[in-house]
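Everything below concerns the one structure shown next.
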Number of protein chains: 2
Amino acid sequence: MELNQHAEKLANLTFSLLANCQEKEIRLAEIHGLTQAEFRCLRLFGSDETVNNKKIAERMNLSPSRLTRIIDGLVKKEYILREIDPNDRRNMRVTLSSKGQSLVKQLNKAYVDIHREILKDIDPDQHEPLTTALEHLLEALEKWLEKS
Amino acid sequence: MELNQHAEKLANLTFSLLANCQEKEIRLAEIHGLTQAEFRCLRLFGSDETVNNKKIAERMNLSPSRLTRIIDGLVKKEYILREIDPNDRRNMRVTLSSKGQSLVKQLNKAYVDIHREILKDIDPDQHEPLTTALEHLLEALEKWLEKS
DNA sequence: ATTAATAATTGTTCTTATCAAAAATCGTTA
DNA sequence: TAACGATTTTTGATAAGAACAATTATTAAT
């Protein structure tokens, strides 16, 4: 009864949130002259991390071949560097260029700024419960995805 | 200080939630033999609503021409009916077939079921704060999108 | 009665993404 | 050490997703 109503409300909320978050990502990517895929790819880089093509593909849930082209674009735009891994010449060592690093830093900052603005519209007493509840939600969601 | 940390945490959370929710939608669509677009389209139908092509396109943030093809698919799969609006013969009256209605009902039920399962993993005391906080988050997000 | 405006469709084109095949390299084992 | 199998990336072909422009059918307005 209570549970059902909350479940229903939660379902509608996540549905709307999903749509709005997607819209937000599109806007942010546009602002920086990147495609959504490029934006997501950069966003998944730790600022001074070195990974190979396949790892990124797994993180992004895309095929390696798709990743090759996305990285092609980011290399052409000079946001990332791609060189053969000397330890295993089958691998590509993909890293952020300095230009890429500063953009990622800027993107992360903008991303956090937006959420700070959003938090400003919410009663500070609710900040803590909001984040912890969302953590639980994420955890539960991941668990559901695993078993299905 | 406090605000910054919460903003950062919230940014990471919504980022991960977005990815997981997208994955969840993909899974659900697959289960029912629908494309993501078709799934989203059906999900946007009130169970006994009648709308025209353009309205749906606006709701889904897609072009009318794209919508024509999506609806083509759903008509072929016999989930919806499409007929000329007698009041204004330029319009198409798009409605759910009985088959479509039961599917939508089923989809909604499954959607709520998932969230009920998720809520089961969360302390009941947190259900109320979670939903209200999410409502605020959604509101604030919409406000941000409007002004940008 | 003609012109302007609106809704849907069709054809074309671009982007996004996958798959299969090829090329390069590595590890293992006969 | 030569050969075979496995792995990583890339390339080419192809399918699906989406937008845009042009077309058709209809309505509204002057």
Side-chain angles (χ1 to χ4, degrees), chain A residues 18-19 22-23 25-30 32-45 49-77 79-95, chain B residues 18-19 22-23 25-30 32-45 49-77 79-95:
Chain A
L18 178 60
Q22 277 171 328
E23 183 62 27
E25 291 241 326
I26 291 170
R27 298 274 182 91
L28 282 177
E30 249 171 25
H32 294 91
L34 295 167
T35 67
Q36 277 184 77
E38 288 169 345
F39 182 82
R40 276 205 306 139
C41 182
L42 281 182
R43 187 78 177 60
L44 283 170
F45 261 93
E49 197 184 13
T50 299
V51 279
N52 63 350
N53 197 327
K54 205 187 177 189
K55 267 274 164 47
I56 308 174
E58 278 164 13
R59 278 192 204 166
M60 292 183 72
N61 237 339
L62 292 175
S63 67
S65 69
R66 174 75 186 120
L67 243 287
T68 295
R69 335 254 186 183
I70 292 171
I71 291 175
D72 281 348
L74 287 169
V75 167
K76 189 167 282 175
K77 294 180 186 175
Y79 287 114
I80 69 178
L81 305 170
R82 179 170 46 184
E83 54 192 0
I84 296 172
D85 181 350
N87 296 333
D88 184 342
R89 297 178 53 79
R90 290 171 301 185
N91 283 312
M92 282 287 160
R93 293 168 54 87
V94 180
T95 54
Chain B
L18 177 61
Q22 277 171 328
E23 183 63 27
E25 292 243 323
I26 291 171
R27 298 275 181 89
L28 281 176
E30 248 171 25
H32 294 90
L34 295 167
T35 67
Q36 278 184 76
E38 288 169 345
F39 182 82
R40 277 206 304 140
C41 183
L42 281 182
R43 188 73 177 63
L44 283 170
F45 261 92
E49 197 185 13
T50 299
V51 279
N52 61 355
N53 196 328
K54 207 189 176 190
K55 266 272 164 47
I56 308 175
E58 277 164 13
R59 277 192 204 168
M60 293 183 71
N61 236 336
L62 293 175
S63 67
S65 70
R66 174 76 186 119
L67 243 287
T68 296
R69 335 255 185 180
I70 292 171
I71 291 175
D72 281 348
L74 287 168
V75 167
K76 188 167 283 176
K77 294 179 186 175
Y79 286 114
I80 69 178
L81 305 170
R82 179 171 44 185
E83 55 194 1
I84 296 173
D85 180 351
N87 297 332
D88 182 343
R89 297 177 51 79
R90 290 171 301 184
N91 282 312
M92 283 289 159
R93 294 168 53 86
V94 180
T95 55

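This is a predicted model, so every value here is computed, not measured. Excluded from the calculations below are hydrogen atoms, water molecules and symmetry mates; all remaining heavy atoms, backbone and side chain alike, are included. Below, chains carry the letters A, B, ... as their sequence lines are ordered, and counting in each starts from 1.
- When distances run from any side-chain atom of A:Asn52 to the nucleotides D:dT10, D:dT26, D:dT9, the shortest one goes to D:dT9.
- Atom CZ of residue B:Arg27 and atom CZ of residue B:Phe39 lie 13.0 Å apart, to the nearest 0.5 angstrom.
- Between A:Arg69 and the phosphate of D:dT9, there is no side-chain N or O to OP1/OP2 separation shorter than 4.0 Å.
- Listed pair B:Asn91 / C:dA8 meets the phosphate criterion, a side-chain N or O lying under 4.0 Å from OP1 or OP2.
- Nucleotide D:dG17 holds its P atom 15 Å from the CZ atom of B:Phe39, rounded to whole Å.
- Residue A:Ala37 has its side chain nearest to C:dA17 when only C:dT25, C:dA17, D:dT27 are considered.
- In this structure, A:Ile70 places its CD1 atom 12 Å from C1' of C:dT18, rounding to the nearest Å.
- As a whole-Å value, the separation of B:Ile56 CD1 from C:dA8 C1' is 12 Å.
- Tested against A:Arg82 for a side chain to side chain donor-acceptor pair (under 3.5 Å), the candidates A:Asp72, A:Asn52, A:Thr68 yield a single pass: A:Asp72.
- Whole-Å rounding puts the A:Glu38 CD to C:dT15 P distance at 12 Å.
- For the pair B:Lys54 and B:Ser65, nearest-nucleotide mapping onto DNA chain C gives the more 5' position to B:Lys54.
- D:dG17 atom C1' lies 15 Å from atom CD of B:Gln22, rounded to whole Å.
- The listed nucleotides are C:dT9, D:dT10, C:dA7; the one nearest the side chain of B:Arg90 is C:dA7.
- Within 4.0 Å of A:Leu62, counting heavy atoms only, lie sugar-phosphate atoms of the nucleic acid but no base atom.
- Not a single donor-acceptor pair, N or O on each side, falls under 3.5 Å between the base of C:dG27 and the side chain of A:Arg89.
- Of the two residues contacting DNA chain C, namely A:Asp88 and A:Gln36, the nearest-nucleotide position lying further toward the 5' end is that of A:Gln36.
- Between A:Val51 and A:Arg59, the closest side-chain pair of non-hydrogen atoms falls below 4.5 Å.
- Note: CG (A:Asn53) to P (D:dT11) measures 11 Å, nearest angstrom.
- Summarising the geometry, the separation between CG on A:Asn87 and P on D:dT7 is reported as 19 Å, rounded to the nearest angstrom.
- Taking both residues in full, the closest heavy atoms of B:Val94 and B:Ile71 are given as CG2-CD1, 4.3 Å, listed atom of the first, atom of the second, then distance.
- Of the possible polar contacts, one joining the A:Glu38 side chain to the A:Thr35 backbone as a donor-acceptor pair under 3.5 Å is found.
- Between the side chain of B:Arg40 and the base of D:dG17, no donor-acceptor pair of N or O atoms lies under 3.5 Å.
- For A:Thr35, whose side chain is taken as the heavy atoms from C-beta onward, the closest listed nucleotide among C:dT16, C:dT9, C:dT18 is C:dT16.
- Nucleic acid contact class of A:Arg66 (heavy atoms, under 4.0 Å, all strands): base.
- Rounded to whole Å, the distance from CD on B:Glu83 to P on C:dA8 is 14 Å.
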